[in-house]
Amino acid sequence: MENMNYGSRQQQPVGAATAVSQTEAKTKQAAANFNVKDLLMLILINWYWFVISALIGGGLAYLYIQTIQPEYQRVSDIQIKTSRDDGLDMRSVLGMNNNVTNMTNELYILKSLKLAREVANKTRMDVRYYKEGTFRRSFLYANRPFTVVFNNEYLHDLLIGVKLESAQTYSIESLFINGEKQVLTDNQMYFFGSTVKLPVSEEEIVISVSDDNYPYLVENMDKVVYVSRTNLDNAARLCQSMITAESRTSSMIRIICTASSVAEADDVLRGVTEVYKEQAVQEKNAMTINSVNFVEERIQETARELGENA
């Protein structure tokens, strides 16, 4: 009798294990059914929330893109010589050591404020054009509707609001001098190409429209385009901030320009290359002149020594 009771106790855990196994199987099956069916049903029932979330996210992304100023990068490589005239210059004739070009010095020259000032002057970076948009200010460069020429040397910072009235005329809507808004008493019309003295200022300007400007003039008709002018030092610092130079090889330098316009970046890179080459030519000419002067001094000194010993 005791053995029979013992056997019945042994059979109870087996039945319990089978029940647990079946429960786990049902749980897994239910989870699988939920992943496929219930999830789809949940999405279908609440589809409008997903659409609203997508629209809000897309709208925020669009607003962010519209508020930031786009930037473009252009790259140019400059080949530099590691020695002057391959060692066949006057220094070699005189038995003097050639100065091997120091890459660090060349990089410093390309990123210097002096070079940036020359480039800013070439590209007229002291005069900038833009228009106000719904979300941000749009910088105008190659797509500007007109070009302003200042007849005076720099006197003070200016911000001029030019309203395009027609294909032949414009008016000055606003004027800021050194950041202070000036009171304009009239709304006079001016013709493109004529010399105009700005109100309450000694500045004289000429606003002209070229064939390249004309399509953008039509596009911005009845709108206000702003023209700012600053001194060349500020323009040079702006130009310097746009330029990055790095060595590629022992004789190659890569120049990178980051700007708000592809056309401006190309013009800045072209200006950097031209100014750098001009400075190299000037340095070479100065070295040649110094070498010739050195030879002449040595000849005169030798002649004096021979005359004294005769």
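Computed from a predicted structure; not experimentally measured.
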J.: Side-chain donor-acceptor pair under 3.5 Å between Thr123 and Glu264, yes or no?
T.: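 No, Glu264 and Thr123 have no side-chain donor paired with an acceptor closer than 3.5 Å.
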J.: Does some side-chain heavy atom of Ile255 sit less than 4.5 Å from a side-chain heavy atom of Ile243?
T.: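 Counting from C-beta outward, Ile243 and Ile255 do come under 4.5 Å.
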J.: Indicate whether the side chain of Ser171 and that of Glu165 have a donor and an acceptor atom separated by less than 3.5 Å.
T.: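 Yes, Glu165 and Ser171 have a side-chain donor paired with an acceptor closer than 3.5 Å.
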J.: Please examine the side chains of Ile160 and Leu198, heavy atoms only from C-beta on, and report whether any two atoms are closer than 4.5 Å.
T.: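 A side-chain contact under 4.5 Å exists here.
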J.: Which one of Asp157, Val127, Leu158 satisfies the side chain to side chain contact (heavy atoms under 4.5 Å, CB included) criterion with Thr230?
T.: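 The residue from Asp157, Val127, Leu158 that satisfies side chain to side chain contact (heavy atoms under 4.5 Å, CB included) with Thr230 turns out to be Asp157.
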J.: In this structure, which one of Leu269, Asp267, Thr273, Val268 forms a side chain to side chain contact (heavy atoms under 4.5 Å, CB included) with Val119?
T.: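 Among Leu269, Asp267, Thr273, Val268, the one meeting side chain to side chain contact (heavy atoms under 4.5 Å, CB included) with Val119 is Val268.
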J.: Is the shortest side-chain heavy-atom distance between Leu115 and Arg117 below 4.5 Å?
T.: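 No; the side chains remain at least 4.5 Å from each other.
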J.: If you define the side chain from C-beta out and look only at heavy atoms, does anything of Val148 sit under 4.5 Å from Val206?
T.: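 Heavy-atom side-chain distance check fails, nothing below 4.5 Å.
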J.: Would you mind reporting whether Thr147 and Tyr129 have side-chain heavy atoms less than 4.5 Å apart?
T.: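 In contact.
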J.: Just wondering, do Ser201 and Ile177 contact through their side chains at under 4.5 Å, heavy atoms?
T.: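 Yes; the side chains approach each other to less than 4.5 Å.
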J.: Between Thr258 and Gln73, do the side chains contain a donor N or O and an acceptor N or O under 3.5 Å apart?
T.: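 Per modelled atom types, Gln73 and Thr258 side chains form a pair under 3.5 Å.
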J.: Give the intermediate values and the outcome of side chain to side chain donor-acceptor pair (under 3.5 Å) for residues Glu106 and Tyr276.
T.: CA-CA 9 Å; Glu106 299 302 318; Tyr276 178 77; 2.4 Å; yes
J.: Take Glu132 and Arg137 through the salt bridge (charged side-chain N to carboxylate O under 4.0 Å, His left out) test and state the conclusion after the steps.
T.: CA-CA 4 Å; Glu132 296 290 353; Arg137 176 185 298 178; 3.5 Å; yes
J.: For the hydrophobic clusters of this structure (ILVMFWY residues joined by side-chain heavy atoms under 4.5 Å, transitively), does one cluster hold both Val75 and Ile253?
T.: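 No.
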J.: How long is the straight-line distance from NZ of Lys131 back to NZ of Lys223, given to the nearest 0.5 Å?
T.: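 These two atoms lie 4.5 Å from each other.
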J.: Please determine whether side chain to side chain donor-acceptor pair (under 3.5 Å) holds for the pair Glu71 and Ser260, giving the CA-CA distance in whole Å, both sets of side-chain angles, and the decisive distance to 0.1 Å.
T.: CA-CA 5 Å; Glu71 290 187 340; Ser260 300; 5.5 Å; no
J.: Going through the checks in order, is the ring-ring contact (aromatic ring centres under 6.0 Å, His included) test met by Tyr226 and Tyr130?
T.: CA-CA 5 Å; Tyr226 294 91; Tyr130 66 90; 5.5 Å; yes
J.: Report yes if some heavy atom in the side chain of Pro145 is under 4.5 Å from a heavy atom in the side chain of Leu140; otherwise report no.
T.: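 Counting from C-beta outward, Pro145 and Leu140 do come under 4.5 Å.
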J.: Answer yes or no: is there a side-chain heavy-atom contact under 4.5 Å between Leu238 and Ser241?
T.: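 Side-chain contact under 4.5 Å: yes.
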J.: Please check if atom NZ in Lys181 has more than 12 non-hydrogen atoms from other residues, nucleotides or ligands closer than 6.0 Å.
T.: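 Atom NZ in Lys181 is not packed in, count stays at 12 or less.
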J.: Is the cationic atom of Arg144 (NZ for Lys, CZ for Arg) positioned less than 6.0 Å from the six-membered ring centroid of Tyr216 and within 45 degrees of its normal?
T.: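 Negative - Arg144 is either too far from the ring of Tyr216 or too far off its axis.
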J.: May I ask you to check whether Tyr170 and Phe192 place their ring centers less than 6.0 Å from one another?
T.: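 Centroid separation for Tyr170 and Phe192: below 6.0 Å.
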J.: Is it possible for you to say whether Leu107 and Ile256 belong to one hydrophobic cluster, with membership spreading through side-chain heavy-atom contacts below 4.5 Å?
T.: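 Different clusters: Leu107 never reaches Ile256 through Ile, Leu, Val, Met, Phe, Trp or Tyr contacts under 4.5 Å.
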